[in-house]
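Okay, so here's the structure we're looking at.
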Amino acid sequence: PSPALLSLGFNTQKGPCRTSQVRQALALAADRTTIVSNIYANHAVPALLPVHPDSPLYHPASADDAPSYDPERLVALLEGLRLQGKSLTLLVNNENVSKAAAAQRVAYQLEAAGLAVTLNQLSFEDYTSALSRGEFDLYLGETALTAGFDLAPLLGSAGALNYGGWWAEGVDGLLDAMLSAAPEERVAHAGAFFALFNEQAPIVPILFKNGSVLTQWGQLSGLSPVRGNVFYRLENWIIS
């Protein structure tokens with residue numbers, strides 16, 4: 001398992017994604033199961049929250065309340081919000097095949113629900129530049145979170161990766177409490193933050209990538225790789 005989060009972000013400062021109702025509706029287009037299985041070949045774990053399901057901070061009740069893939073409800077909500085036919089711009093870095101394919105999947109689901117989606121596949125330099133200028137409605141991005149899942153850079157009001165410009169009253173205090181509380185209190189603080197997160201839907205978590213080592217069938221056993229070191233405990237490898 002790794003803390004590498006793939007998520008769908010929104011421009012919360014301008015355009016149709018300014019309101020949480022629209023963001024909650026669009027979150028229903030994230031077909032996590034298909035993206036994990038067909039695009040990432042199951043080398044990832046679906047995620048409804050911006051912390052890994054294996055983390056002590058993971059809050060099952062909040063995950064149950066998070067918007068999950070529901071194309072029929074998406075259509076109904078878009079009709080209620082009078083967004084049918086609305087144009088959206090989705091950014092993705094075209095230098096990563098998996099990310100581009102995942103973005104294409106999201107775009108397909110949004111178009112099937114009646115939206116007109118322009119998928120801009122850009123080089124990394126152009127992609128980050130467009131994010132910095134706010135030239136998007138949505139973007140697909142990957143964030144390498146810390147092992148302790150400090151979400152302030154991604155979701156804090158002054159976060160360097162908060163490209164969508166999201167802010168809500170009390171968010172910074174909730175993030176700080178979740179990270180700095182005593183271990184026995186962290187889950188409760190996480191639940192408080194995730195309640196706000198689900199209500200506001202500033203991003204849509206899709207998956208956490210797995211670090212994987214691929215070998216020829218039956219050639220190696222005893223592997224125990226860790227993040228950043230494929231050869232951890234190399235002395236225990238058995239080569240057939």
Side-chain angles (χ1 to χ4, degrees), residues 1-12 15-17 22-54 63 66-75 78 87-131 135-145 149 151 154-155 161-164 166 197 201-212 214 227:
S2 86
L5 170 67
L6 186 76
S7 62
L8 183 69
F10 299 106
N11 190 334
T12 69
C17 301
V22 172
R23 298 194 297 268
Q24 288 173 339
L26 299 183
L28 303 175
D31 187 358
R32 296 171 178 84
T33 300
T34 297
I35 292 173
V36 166
S37 61
N38 292 6
I39 297 175
Y40 282 83
N42 291 316
H43 293 278
V45 177
L48 288 159
L49 300 174
V51 298
H52 197 284
D54 289 347
S68 58
Y69 179 59
D70 192 335
E72 293 182 1
R73 185 162 176 254
L74 172 60
V75 172
L78 292 179
S87 296
L88 296 174
T89 299
L90 170 58
L91 298 184
V92 68
N93 174 18
N94 65 2
E95 296 172 11
N96 184 287
V97 174
S98 297
K99 289 192 188 75
Q104 184 65 66
R105 179 70 189 181
V106 172
Y108 168 79
Q109 293 298 149
L110 292 173
E111 290 176 336
L115 295 167
V117 181
T118 299
L119 180 60
N120 283 352
Q121 302 188 48
L122 305 173
S123 67
F124 183 74
E125 182 178 353
D126 291 341
Y127 168 76
T128 54
S129 179
L131 287 178
E135 297 176 351
F136 64 93
D137 295 307
L138 308 96
Y139 70 93
L140 191 82
E142 180 179 332
T143 307
L145 297 171
F149 294 96
L151 300 175
L154 180 63
L155 297 171
L161 302 178
N162 185 3
Y163 294 112
W166 176 64
F197 177 84
I203 65 170
V204 182
I206 296 176
L207 58 83
F208 281 95
K209 292 168 60 177
N210 289 339
S212 304
L214 307 182
R227 186 184 180 198

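In terms of heavy-atom proximity, S87 sits nearest to D137 at O-OD2, 4.0 Å. Closest heavy-atom contact between P1 and D54: CG-OD2, 3.8 Å. What you find for A102 and L140 is that their closest heavy atoms are CB-CD2, 3.8 Å. Across all their heavy atoms, P53 and F208 have their closest contact at CD-CD1, 4.3 Å. Of all heavy-atom pairs between F136 and L131, the closest is CE2-O, 3.6 Å. Residues F10 and C17 share a closest heavy-atom pair of CD2-SG, 3.7 Å.
The structure places CG of L8 at 8.0 Å from CG of L26, a figure rounded to the nearest 0.5 Å. With rounding to the nearest 0.5 angstrom, the CD atom of Q109 is 11.0 Å from the CG atom of D70. Once rounded to the nearest 0.5 Å, the distance linking CG of L138 with CG of N11 reads 9.0 Å. Here the straight-line distance linking atom CG of N93 with atom OG1 of T128 works out to 8.5 Å at 0.5 Å rounding. With rounding to the nearest 0.5 angstrom, the CG atom of L74 is 7.0 Å from the CG atom of L115. Residue I206 holds its CD1 atom at 11.5 Å from CD of E142, rounded to the nearest 0.5 Å.
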CA sep, side-chain torsions, deciding dist, call: R73, V75, side chain to side chain contact (heavy atoms under 4.5 Å, CB included)
CA-CA 5 Å; R73 185 162 176 254; V75 172; over 6 Å; no
Assess the residue pair T33 and Y69 against the criterion (side chain to side chain contact (heavy atoms under 4.5 Å, CB included)); give the C-alpha distance rounded to whole Å, side-chain angles, the decisive distance to 0.1 Å, and a yes or no.
CA-CA 9 Å; T33 300; Y69 179 59; over 6 Å; no
Which is it for L91 and T89 under the side chain to side chain contact (heavy atoms under 4.5 Å, CB included) test, yes or no, and what are the steps along the way?
CA-CA 7 Å; L91 298 184; T89 299; 4.3 Å; yes
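The side-chain heavy atoms of K99 and Y127, taken from C-beta on, include no pair separated by under 4.5 Å. Using a 4.5 Å heavy-atom threshold, the side chains of K209 and L6 count as separate. Counting only heavy atoms from C-beta outward, the side chains of H52 and P3 never approach each other to under 4.5 Å. Side-chain contact check for I203 versus L154: some heavy-atom pair is nearer than 4.5 Å. Residues L122 and N94 fail the side-chain proximity criterion, which asks for heavy atoms closer than 4.5 Å. Using a 4.5 Å heavy-atom threshold, the side chains of V92 and N120 count as separate. Put simply, the side chain of V204 does not reach to within 4.5 Å of the side chain of S7, judged on heavy atoms. P50 places a side-chain heavy atom less than 4.5 Å from the side chain of L5.
A donor-acceptor pair under 3.5 Å is absent between the side-chain atoms of T143 and the main chain of L145, judged by distance alone. Counting only distance, with no hydrogens or angles, the side chain of E95 and the backbone of S123 share no donor-acceptor pair below 3.5 Å.
Side-chain atoms of D126 and S129 form no donor-acceptor pair, as typed in the model, at a separation below 3.5 Å.
Applying the salt bridge (charged side-chain N to carboxylate O under 4.0 Å, His left out) rule to pairs touching residues 26-51 yields D31-R105, sequence neighbours excluded.
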With a cut-off of 3.5 Å and sequence neighbours excluded, list every side-chain donor-acceptor pair involving residues 40-47.
residue: H43; atom: ND1; partner: S212; partner atom: OG; Å: 2.6

